Amino acid sequence: MSASYYITTAIDYTNAPPHLGHAYEKIAADVLARWNRLDGADVFFLTGVDEHGIKIEKAAALQGVTPEEFVGGITPQFVSTWSTLGVQYDRFIRTTDAYHEESVQRAFALLVEQGDIEKARYEGLYCAGCEEFKNERELVDGRCPQHDAVPQNFAEDNYVLRIGKYRERIREHILSHPEFIQPESRRNEVLNLLDTFPDVSVSRQKVRWGISVPGDDSQVIYVWVDALLNYITGVGWGWDDALFSRYWPASVHVVGKDIMKFHCIIWPAILMALELPLPRTIHGHGWVHVGDQKMSKSLGNAVEPNALAARYGADALRYYLMREITYGKDGTYTLEAFKLRVNADLANNLGNALNRTLGMLEKQFAGVVPSDLPAITKELADRVTMVQEQAARHMRQFEIQEALEVIWGLIDAVNKFIDTQAPWALAKAGDMEKLGGVLYGVLESLRAVTILVSPFVPQLAEKMWLQLGISSDLQSQRLKDLAWGGLQSGTQTRKLGPVYPRIEDELAEAGVKKK
RNA sequence: CGCGGAGUAGAGCAGUCCGGUAGCUCGUCGGGCUCAUAACCCGAAGGUCACAGGUUCAAAUCCUGUCUCCGCAACCA
């Protein structure tokens, strides 16, 4: 029985369509899920959307539709975007799903019963125009900037989650589990916050669009309890015990660095109150900047991932984001860098290596894979083994960029091998045995490459696999199948042209602008 | 003294935890090859590793201080 690997993403807020930042996180999680599947793990990948809350309630009202109708228009855009980008999840959860709502109510009731959630008075400055509480930083000269009105002191009865009760246990867990908060730089930040982290209000009177507090219809359950619980309701907590015990605790929650504190403090408190084990790792990724700006709707610079994928291919976008950005740190997206990176790595190195090889194979061997000549190909065989080990180590440590670097190092080695062995000269000299050995070495290396890159650029890998003519399914391949010699001589390849054509447009212009 | 991140070749970045020839991609220059998607291979030029001190035989890396830029800052997925 293989080890389980349960990976989740943050659930996106459906008050606006998906942008590049949403896509980055889902792609990263998808790559990790696919890699671990390749590594033989029993993988469950959960993603989804948060459809509740005041912002959606308001956005819907603005358009004169119900919240249900509103999210009914947005959520499918997330679903179709992930489909376009090859994000292959096992479940897509919506916080309006019945199984989720019921389980959240059950959890809430349990926590109230145990005294982890208590009723308390919430006081704040309330702006009637915005219909929400304001904190002092949001005010200009004590007035709400949107409505130029002085907010009123207002109090309501709320339900409050007693974080303090679990503070020491959480601290202890963080200190004794170095892998719990990743990257490490986030750890101290969370530990700092933990000391002063207050009890949090987990219900709202003013909000209608949400899950009702059990036994108190005057309030809805607030985002922290509602949304965070998706990680357990999504794998069957409260409705499918077998599924739940198979996958919980999660291997990793992939989230943005901004919401690390909620995942590292509130979520553990809830889990401890429910007497459930904590996830192994919470991993905070950085932001994707556009040019030199932070991507945001107000700046109007949000990049639409569907358009990019439609024009240049989903794999190009996946590859760029994973290769160009150090996972865990902030990174930058520019169309120029995107084209350069994709052309160099996908077209020139990866695609061309296969194409040039199949060309020779077709001419000299009618496209049929010849026999290995171990004396010549040993260096490649050794390289494949080394790359596989290094890549696996990097992926275990969430070093996606480094993993790609070593895999592409193998492609470089293949191209170099071709130049050094000069198969065209062997053909001219009529040394068919050696020529066959050289080509075998290259093809077998490319089979390994195809498997290794499949989690990152799945569609491209499928195209390569098809051209290699291997009958077994690429998705069924595992890391252990990389063992040298897996490619059978006699296999009929299928040369179908470049797997990734170069992006030619605007390149010259971009080169000039770089000065 | 709120918290945190960043400052490394023309550009974009890695390396900093565990001190010891400063690396990658693109660009530039020169050479090779011609199987291939004007792709591939080899070589070269180019860096006071923000600044100032300190520790050390040795510091981009550790310590102290300073400057600049950027996020976050109690309910904003």
Side-chain angles (χ1 to χ4, degrees), chain A residues 9-15 21-22 25 49-50 53-55 122 124 132-133 135-138 183-186 188-190 192-193 196-202 204 222-224 227-228 230 255-263 266 286-287 289 292-294 323-326 328-332 334 336-337 339-341 343-364 399 401-402 405 408-409 411-412 414-428 435 438-439 442 495 497-504 510-511 513-515:
Chain A
T9 69
I11 51 177
D12 297 312
Y13 200 58
T14 49
N15 65 340
H22 296 114
E25 176 177 298
V49 285
D50 176 9
I54 186 76
K55 284 192 176 170
Y122 181 87
E132 65 186 14
F133 285 97
N135 59 59
E136 286 173 24
R137 277 187 317 108
E138 291 176 294
E184 203 184 327
S185 56
R186 300 275 154 227
N188 293 332
E189 201 174 349
V190 171
N192 260 324
L193 286 166
T196 54
F197 206 86
D199 292 342
V200 288
S201 162
V202 292
R204 284 295 128 97
Y222 199 52
V223 59
W224 306 123
L228 285 169
N230 96 86
V255 300
K257 63 181 183 181
D258 56 326
I259 54 174
M260 282 298 275
K261 58 189 173 199
F262 306 122
H263 283 76
I266 299 179
W287 301 130
H289 297 269
D292 53 2
Q293 293 176 312
K294 184 183 170 179
R323 181 60 183 58
E324 196 79 2
I325 299 171
T326 305
K329 291 191 183 182
D330 287 0
T332 306
T334 67
E336 181 184 296
K339 288 177 181 174
L340 285 170
R341 170 62 73 184
N343 270 346
D345 293 359
L346 298 187
N348 297 352
N349 289 341
L350 178 63
N352 187 49
L354 179 68
N355 201 44
R356 66 193 298 209
T357 307
L358 290 182
M360 285 183 276
L361 191 69
E362 191 164 73
K363 215 170 291 176
Q364 304 300 334
E399 294 165 348
Q401 185 187 44
E402 285 87 341
E405 257 176 60
W408 252 258
I411 299 166
D412 287 343
V414 167
N415 274 318
K416 188 170 184 169
F417 180 80
I418 295 172
D419 275 56
T420 309
Q421 297 294 334
W424 47 90
L426 293 173
K428 220 168 263 177
L435 173 61
V438 168
L439 291 182
V442 171
K495 187 171 190 293
V499 291
Y500 193 87
R502 286 174 59 83
I503 303 168
E504 299 291 356
K513 267 193 301 193
K514 276 191 83 177
K515 72 181 171 207

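Bear in mind that the values here come from a model prediction, so they are computed numbers and not experimental data. Chain letters run A, B, ... following the sequence lines, proteins first, then strands; residues in each count from 1.
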| query | Which is true for G256(A) with a 4.0 Å heavy-atom rule: it touches a base, it touches only sugar-phosphate, or it touches nothing? | reply | nothing
| query | Any Lys/Arg nitrogen of D50(A) or K55(A) sitting under 4.0 Å from an Asp/Glu carboxylate oxygen of the other? | reply | no
| query | So how far is it from E402(A) CD to R323(A) CZ, rounded to the nearest 0.5 Å? | reply | 9.0 Å
| said: Is any side-chain heavy atom of D258(A) closer than 4.5 Å to one of W287(A)? | reply: yes
| query | How far does the P atom of G65(B) sit from the matching atom of C3(B), given to the nearest Å? | reply | 13 Å
| When Watson-Crick pairs (N1 to N3 and N6-O4 or O6-N4) and G-U wobble pairs (N1-O2 and O6-N3) count only below 3.5 Å on both distances, what is the dot-bracket string of RNA chain B, with | for other-strand pairs? | .(((((((.[[[[.)....(..]]]].(((((.......))))).....[[[[[..)....]]]]])))))).....
| task | Determine the interatomic distance between P on C41(B) and the same-named atom on U25(B); round to the nearest Å. | result | 10 Å
| message | Tell me the interatomic distance from D345(A), atom CG, to U25(B), atom C1', rounded to whole angstroms. | response | 8 Å
| Same-atom distance (P) from C24(B) to G15(B), integer angstrom | 15 Å
| message | If I take atom CG in residue L340(A) and atom P in nucleotide C13(B), what distance separates them, rounded to the nearest angstrom? | response | 14 Å
| request: Please work out if V499(A) contacts a base, only the sugar-phosphate, or nothing of the nucleic acid, heavy-atom cut-off 4.0 Å. | output: base
| Can you check whether T326(A) has a side-chain N or O nearer than 4.0 Å to OP1 or OP2 of A14(B)? | yes
| task | Would you name the heavy atoms of I266(A) and W224(A) that are closest together and state the gap between them? | result | CD1-CG, 4.1 Å
| query | Ignoring hydrogens and angles, are the base of G71(B) and the side chain of D258(A) linked by a donor-acceptor pair under 3.5 Å? | reply | no
| request: Ignoring the backbone of D419(A), work out which of C40(B), U37(B), G71(B) is nearest its side chain. | output: C40(B)
| field | side chain to side chain contact (heavy atoms under 4.5 Å, CB included) partner of L354(A), the single match among L358(A), T357(A), N352(A) | value | L358(A)
| message | Would the base of A36(B) count as contacting N352(A) through its side chain, where contact means a donor and an acceptor less than 3.5 Å apart? | response | yes
| message | At 4.0 Å (heavy atoms only), tell me whether T357(A) reaches a base, stays on the sugar-phosphate, or touches nothing. | response | nothing
| Are K416(A) and C42(B) close enough that a side-chain N or O sits under 4.0 Å from OP1 or OP2? | yes
| task | Select base, sugar-phosphate, or nothing to describe what P501(A) touches, counting heavy atoms under 4.0 Å on all strands. | result | base
| query | Do L350(A) and W408(A) come close enough that some side-chain heavy atom pair is under 4.5 Å? | reply | yes
| remark: To the nearest angstrom, the CD-C1' distance between E405(A) and U25(B) comes to 9 Å
| query | Counting side-chain heavy atoms from CB outward, which of A77(B), A74(B), U34(B) is closest to W224(A)? | reply | A77(B)
| said: Nearest to the side chain of A347(A), heavy atoms from C-beta on, is which of C40(B), U37(B), A77(B)? | reply: U37(B)
| said: Tell me the interatomic distance from D199(A), atom CG, to C75(B), atom C1', rounded to whole angstroms. | reply: 13 Å
| request: Report yes if some heavy atom in the side chain of R502(A) is under 4.5 Å from a heavy atom in the side chain of N348(A); otherwise report no. | output: yes
| OP1 or OP2 of C13(B) under 4.0 Å from side-chain N/O of T332(A) | yes
| said: Looking at K329(A), I'd like to know whether one of its side-chain N or O atoms comes within less than 4.0 Å of OP1 or OP2 on A14(B). | reply: yes
| query | Which of the following nucleotides, A77(B), C33(B), C75(B), is nearest to the side chain of A227(A)? | reply | A77(B)
| request: Check whether any side-chain heavy atom of M260(A) lies under 4.5 Å from a side-chain heavy atom of E189(A), and answer yes or no. | output: no
| Using a cut-off of less than 4.0 Å, is there contact between a side-chain N or O of R502(A) and OP1 or OP2 of A39(B)? | yes
| task | Nearest whole angstrom, please: distance from the P of C70(B) to the NZ of K257(A). | result | 14 Å
| Relative to the 5' end of RNA chain B, which residue comes earlier, R323(A) or K363(A), by the nucleotide with the nearest heavy atom? | R323(A)
| request: Take atom CD of E189(A) and atom C1' of G2(B), then tell me their distance rounded to the nearest Å. | output: 12 Å
| Per I418(A) side chain, nearest of listed nucleotides C75(B), C35(B), A14(B) | C35(B)
| Between N192(A) and G4(B), does any side-chain N or O lie under 4.0 Å from OP1 or OP2? | yes
| How far does the C1' atom of C26(B) sit from the matching atom of A52(B), given to the nearest Å? | 34 Å
| task | Evaluate whether atom NZ of K495(A) has more than 12 neighbouring non-hydrogen atoms of other residues, nucleotides or ligands under 6.0 angstrom away. | result | yes
| Nearest-Å distance once atom C1' is located in both A74(B) and U66(B) | 32 Å
| request: Using atom CG of L350(A) as one end and atom P of U25(B) as the other, report the distance to the nearest whole Å. | output: 16 Å
| message | Base, sugar-phosphate or nothing for Y500(A)? Non-hydrogen atoms, less than 4.0 Å. | response | base
| task | Take T420(A) and R186(A), find for each the nucleotide of RNA chain B with the closest heavy atom, and name the residue whose nucleotide sits nearer the 5' end. | result | R186(A)
| message | Using the side-chain heavy atoms of A344(A), tell me which of these nucleotides is nearest: U34(B), A77(B), C26(B). | response | C26(B)
| said: Show the nearest heavy-atom pair for residues V499(A) and G351(A), with the distance to one decimal. | reply: CG2-CA, 3.6 Å
| said: Nearest 0.5 Å, please: how far is CD in E25(A) from CG in D12(A)? | reply: 6.5 Å
| remark: In whole angstroms, the gap separating C1' of C26(B) from CG of N348(A) amounts to 12 Å
| Short side-chain N/O contact to C40(B) OP1/OP2 from N349(A), under 4.0 Å | yes
| task | For nucleotides C51(B) and A6(B), find the distance between their C1' atoms and express it as a whole number of Å. | result | 16 Å
| What interatomic distance, in whole Å, is found between C1' of A45(B) and the corresponding atom of U28(B)? | 9 Å
| If the P atom of G7(B) is compared with that of G32(B), how far apart are they to the nearest Å? | 40 Å
